[in-house]
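Encoded as structure tokens, the structure appears first; notes follow it.
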Amino acid sequence: MKKISQSLRRLPVIFQRTAQTARMMVGVGDYSAYKAHMESHHPELVPMTEQEYFRYCQNARYPAKSGKISRCPC
């Protein structure tokens with residue numbers, strides 16, 4: 001019984017890390033890590049919004065002309 005409750009407490013962490021890994025695999029960085037980095041290292045700068053950060057990551061991974069992906073991202 002004790003072992004089951006310990007496993008259940010780990011589920012949120014496992015889910016969070018799995019989601020983070022999946023995002024990184026498709027070229028989307030971890031926004032919360034970015035935000036924490038900006039607050040601790042660059043407090044004078046305004047961090048990007050989550051939507052701006054998503055666009056930044058997508059453009060870094062899949063460079064496109066005129067805002068459209070012009071090639072297969074595979």
Side-chain angles (χ1 to χ4, degrees):
M1 188 65 102
K2 192 175 187 181
K3 195 173 193 175
I4 292 172
S5 66
Q6 288 176 347
S7 296
L8 289 176
R9 279 186 263 157
R10 291 186 202 159
L11 279 178
V13 173
I14 292 169
F15 177 75
Q16 180 186 18
R17 290 184 182 164
T18 302
Q20 182 181 19
T21 300
R23 282 189 210 103
M24 290 176 75
M25 289 173 69
V26 296
V28 178
D30 185 4
Y31 182 71
S32 58
Y34 158 76
K35 194 127 184 201
H37 169 81
M38 290 298 287
E39 289 171 359
S40 65
H41 292 92
H42 311 285
E44 72 282 358
L45 299 176
V46 177
M48 291 182 260
T49 64
E50 195 164 359
Q51 186 176 11
E52 291 169 335
Y53 182 72
F54 175 80
R55 285 277 173 225
Y56 171 79
C57 291
Q58 290 294 302
N59 289 334
R61 179 148 179 159
Y62 310 115
K65 296 175 187 170
S66 71
K68 295 181 181 178
I69 296 177
S70 58
R71 62 181 175 85
C72 178
C74 305

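Below, each value reflects all heavy atoms present in this structure, side chains not excepted, and no hydrogens, waters or symmetry copies.
- Atoms CD and CE, from E44 and M38 in turn, are 7.5 Å apart once rounded to the nearest 0.5 Å.
- At least one side-chain heavy atom of K35 sits less than 4.5 Å from a side-chain heavy atom of E39.
- E52 approaches T49 most closely through the heavy-atom pair OE1-N, 2.8 Å.
- Hydrophobic clustering (ILVMFWY, side-chain heavy atoms < 4.5 Å, transitive): V13 and Y31 are in distinct clusters.
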The test is side-chain contact (heavy atoms from CB on, under 4.5 Å); show your working for Y34 and M48 and say whether it passes.
CA-CA 9 Å; Y34 158 76; M48 291 182 260; 3.6 Å; yes
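- Residues forming a ring pair (Phe, Tyr, Trp, His ring centres under 6.0 Å) with Y56 (at least two apart in sequence, or on another chain): none.
- For H41, the side chain to side chain contact (heavy atoms under 4.5 Å, CB included) partners are H37, not counting sequence neighbours.
- How far CD of Q16 is from OG1 of T18: 10.0 Å, rounded to the nearest 0.5 Å.
- Under the 3.5 Å distance criterion, the side-chain polar atoms of Y53 are left unmatched by any main-chain donor or acceptor of P47.
- Residue F15 is found outside any hydrophobic cluster, as its side-chain heavy atoms come under 4.5 Å of no other Ile, Leu, Val, Met, Phe, Trp or Tyr.
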